[in-house]
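Down below is the structure, laid out as structure tokens.
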Amino acid sequence: MRYSKMLIPTVKEAPAEAISPSHVLLLRGGYIRKLGAGIYNYLPLGHRVLSKVARIVREEMNRAGAQEVLMPAVLPAELWQETGRWDAFGDVLLRFKDRKGTDFCLGPTHEEIITDMVRREVRSYRQLPVNLYQIQTKFRDEARPRGGLLRTREFLMKDAYSFDVDDEGAARSFAQMREAYERIFTRCGLTFRIVSADSGAMGGSMSAEFQILAETGEDAIVACDSCDYAANVEVAQVALPQRPAAPATLAPLKKVPTPGKRTIEEVSTFLGVAPQKMLKTLIYVAGQRVVTVVVRGDHEVNEVKLARALGMSEVFLATDADVVRATGAPVGFAGPVGMKTEVYADQAVQAVFDGVTGANEAGAHYTGVNPGRDFAPRWADLRSAGEGDPCPRCSGHYKAYRGIEGGHIFILGTHYSAKMKATYLDAAGVEKPIVMGCYGIGVSRIVAAAIEQHHDADGIRWPLAIAPFEVLVTSVGASAEVRAASTEIYEALSGDGFEVLWDDREERPGVKFKDADLIGIPIRVTVGERGLKEGVIEVKRRDQKEAARVTRSEAVALVAQMVRRERG
RNA sequence: CGGGGCGUAGCGCAGUCUGGUAGCGCACACGGUUCGGGACCGUGGAGUCGGAGGUUCAAAUCCUCUCGCCCCGACCA
């Protein structure tokens, strides 16, 4: 492809609204343009990258035995009402009516639709297992789209659904998808971690996220430094630390004045007590229940864990008014001693002796607080894991990372099949619900995540497998020699099946080099008058500083070798 | 949804406080000189100042309403 014929509108200055590196570079490189909040046009380069990621996904899904289908983007409300998600989905679901007044939505995901498809066609265990997938545009009316392609309202997603006769079968399907996903993310040139995750309100068992590691990632994850356990902090377990021996004598419970000192930091400074000796006390509302939660002063309550411990799907931090009602004191002075509500405490609190906590009285705290003696909570793992915390599986410790959720696989069980009566007859003629799994990959999100992981100050550094082109031939100078040599190399590489972009524009060299770095094609072949005089062509990788200086005849072979090695 | 902020030429911005008839840089078009890391000179085109209403002799500027967008948080099958 000739650069001069292609629409690649690079710009020096990105719109002020772009903050994250991938957003800025996609805009500047002429890959995408914004049409509305979280809605983007893909220009030629952007579309090429998106297609490449989709192709890799498709190849690996097919290799894993999944079959491609295509479901509509416009979905009748009827099916959603069957599972109750028409209401449960809330504002994220973009709804509208047709001319007859019938309710529809734009599909944010397709469990109901695929389950309906399968229940109509599958009767017998002989037709199972089956794994169906599609690569399709989804719409979710996100409260807050952000980061360009990282979190959009309309996005391209691969969603697959497995249907098995039983849990063992589903586990096999799950394992196959996990393997396929590892191949996909690896082929895309991404550094990622597979982590245990929350499966959400509608979830089932076995949930794993494929987290693409990046500083700018929305998700916090932890991974053990000595075994392979890794998890989203939403669910990461924390091993009970070694409990220090209790001191010979415990201090007596004592009320001390702490006027106006509300936060852990204020109280700890005021009383000269380390935050680790403080008992952070928060009031939560879970359905009809009001619950007091205690964690160590330097720890954070994990609301996903708390909800699970309480057997609820979600919990909310109490309002200031609720806190006053529950504790009899303003926010900042709550404590478990004498508390009338249910009291839950994180297990790390067991190791706090002679601690400090609010006295449920304005301007007062207790010192010498000892769990067991002064209050009797229910113990649970309630805090968020962080760097350095002990691994629950071995003697290692956690390292903390940030990640972008590129994929999520989990087993749904019979959640949808039971509600929608998607059943089969087993060998004994007994009707049973199909056991399902579901597997998503954010195709457009991967495009952005790859840049978050692979860029520098000058622009994008695409992994070769998903780059819009594999090779960029840059002609420097307008002489007949340059043109002839460029044409020769361009045609040789193109003829051998490589994806080549030839910068044949009548631009100054500086402009071409800047654009080259910006759009980030992995291998650049520079054909210039200066080099040609010495019979030299330059071959340079985008991620390396130095160019290889080779002869015209060597250049094509060298590039071919480099590309083949990285195609994967 | 809570907090903060922004809408002026395709992009980045100034002008708004203190009302007086819209400007700078980049980009774009043309001419010339340049040509290995975003050239220079000259000329030129391009803006319902997000929208509606109001105040005023006069509104980008003041007032009211409204729409859109961004950032932090909440939310995220």
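We name chains A, B, ... by the order of the sequence lines, and we start the count at 1 in each one. Just so it is clear, the model here is predicted, and its values are computed rather than measured.
Rounded to a whole Å, the CZ atom of A/Phe155 is 10 Å from the C1' atom of B/rC76. Atom P of nucleotide B/rC76 and atom CE of A/Met157 are separated by 16 Å, given to the nearest angstrom. Spacing between atom CG of A/Asp91 and atom P of B/rA74 amounts to 18 Å, rounded to whole angstrom units. With rounding to whole Å, A/Lys34 atom NZ is found 11 Å from B/rG7 atom C1'. In this structure, the CD1 atom of A/Ile19 is 15 Å from the P atom of B/rC6, given to the nearest Å.
Residue A/Ala143 is in base contact, counting any heavy-atom pair closer than 4.0 Å across all strands shown. Across all strands, A/Ala14 comes closer than 4.0 Å only to sugar-phosphate atoms, never to a base (heavy-atom distances).
None of A/Asp504, A/Thr487, A/Val500 except one satisfies the side-chain contact (heavy atoms from CB on, under 4.5 Å) rule with A/Val473; the exception is A/Val500. Of the options A/Val527, A/Thr551, A/Thr526, a side-chain contact (heavy atoms from CB on, under 4.5 Å) to A/Ile537 is made by A/Val527 and by none of the others.
Summarising the base pairing, B/rU16 is matched to no nucleotide, lacking a Watson-Crick or G-U wobble pair whose two defining distances lie under 3.5 Å.
Considering only residues two or more places apart in sequence or on other chains, A/Arg289 meets the salt bridge (charged side-chain N to carboxylate O under 4.0 Å, His left out) condition with A/Glu342. For A/Ser417, there are no side-chain hydrogen bond (donor to acceptor under 3.5 Å, both in side chains) partners, not counting sequence neighbours. In terms of the side-chain hydrogen bond (donor to acceptor under 3.5 Å, both in side chains) criterion, A/Thr414 has no residue partners (sequence neighbours excluded). With sequence neighbours excluded, no residue forms a side-chain hydrogen bond (donor to acceptor under 3.5 Å, both in side chains) with A/Arg262.
Spacing between B/rC17 and B/rA74 at atom C1', rounded to whole Å, works out to 35 Å.
Two residues, A/Glu17 and A/Arg140, neighbour RNA chain B, and the one matched to the more 5' nucleotide by heavy-atom proximity is A/Glu17. With RNA chain B read from its 5' end, the first of the two nearest nucleotides for A/Asp219 and A/Gly147 is the one closest to A/Gly147.
Because its NZ or CZ atom is not both nearer than 6.0 Å to the ring centre of A/Trp80 and within 45° of the ring axis, A/Arg95 does not count as a cation-pi partner of that residue.
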Dump every N/O contact between nucleotides 45-48 of chain B and the protein below 3.5 Å, one line per pair.
none

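For A/Trp502 and A/Tyr3, the distance between ring centers is not under 6.0 angstrom. Aromatic ring centres of A/Tyr31 and A/Trp462 lie closer together than 6.0 Å.
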Seminar exercise, completed: With B for base contact, S for sugar-phosphate-only contact and - for none (protein heavy atoms under 4.0 Å), nucleotides 26-42 of chain B reads SS------BBBBBB---
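Distance from the side chain of A/Arg146 is smallest to B/rC71 among B/rC13, B/rC71, B/rC70.
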